[in-house]
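Following: one structure in structure tokens, then a few remarks.
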Amino acid sequence: MTLIKNNKPTEGELEILQVLWQRQSATVRDVHEELLKVKNAGYTTTLKLMQIMFEKCLVTRDSTHKTHIYKPAVSKEKTQKLFLNKMIESLFAGSSAQLVIQAFGNHKTSKEELEEIRNYLNSI
């Protein structure tokens, strides 16, 4: 499914999508318990967010079981690309080089990550 402007995930929805991308499918309870590991979130808030996400076509819902099973309807890669492109355009005046320079200046990059970056640059 393609992400379009009116169904772009919010910050809270992205947190839920992260759980679903990792697990591939989960109940509201599963997602809620995972979110509790990193933040204080109410169960009903998680439930409501996931219902909204279903309406926005960000997740699918299997309601054939007693508890609904949710799956991501948008890919992690497409979502990352959407947000990254918007960030490059709005914060870095369209310059991906400025984004990379800023990222390297503010983040400790491991040797493995640097090697992965080198390999990618050599392949293009």
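In what follows, every heavy atom counts, from backbone to side chain, and hydrogens, waters and symmetry copies are set aside.
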Nearest-0.5 Å distance, [atom1] of residue [X] to [atom2] of residue [Y]:
X     : Y     : atom1 : atom2 : answer
Asp62 : Lys71 : CG    : NZ    : 7.0 Å
Gln51 : Tyr70 : CD    : OH    : 5.5 Å
His32 : Ile16 : NE2   : CD1   : 11.0 Å
Met53 : Thr60 : CE    : OG1   : 10.5 Å
Arg61 : Met50 : CZ    : CE    : 9.5 Å

Taking a hydrophobic cluster as the set of Ile, Leu, Val, Met, Phe, Trp and Tyr residues connected by side-chain heavy atoms closer than 4.5 Å, whether directly or through intermediates, do [X] and [Y] fall within one such cluster?
X      : Y     : answer
Leu121 : Leu99 : no
Val38  : Val19 : no
Val59  : Ile69 : no
Leu14  : Leu36 : no

From Arg23, Lys76, Glu34, residue fulfilling side chain to side chain contact (heavy atoms under 4.5 Å, CB included) relative to Gln18: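 Filter result, single survivor: Lys76.
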
Result of checking Thr67, Leu49, Leu47 against Val28 for side chain to side chain contact (heavy atoms under 4.5 Å, CB included):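 Answer to the side chain to side chain contact (heavy atoms under 4.5 Å, CB included) test with Val28 among Thr67, Leu49, Leu47: Leu47.
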
Lys56 side chain vs Lys8 backbone, donor-acceptor pair below 3.5 Å: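 Flag set: sc Lys56 to bb Lys8 pair under 3.5 Å.
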
Side-chain donor or acceptor of Asn122 paired with backbone N/O of Asn119 under 3.5 Å: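 Not confirmed, Asn122 side chain does not pair with Asn119 backbone.
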
Please output the side-chain donor-acceptor pairs of residues 84-96 that fall under 3.5 Å, not counting sequence neighbours, one pair per line with the distance.
residue: Asn85; atom: ND2; partner: Lys81; partner atom: O; Å: 3.3
residue: Ser90; atom: OG; partner: Lys86; partner atom: O; Å: 2.8
residue: Ser95; atom: OG; partner: Gln98; partner atom: N; Å: 3.1

Cys57 versus Ala73, closest heavy-atom pair with distance: O-CB, 3.5 Å

Pairs satisfying salt bridge (Lys or Arg N to Asp or Glu O under 4.0 Å), at least one member in residues 111-124, at least two apart: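 Output for this query lists Glu115-Arg118.
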
Close side-chain approach of Glu13 to Ile52, heavy-atom, < 4.5 Å: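 They are in side-chain contact.
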
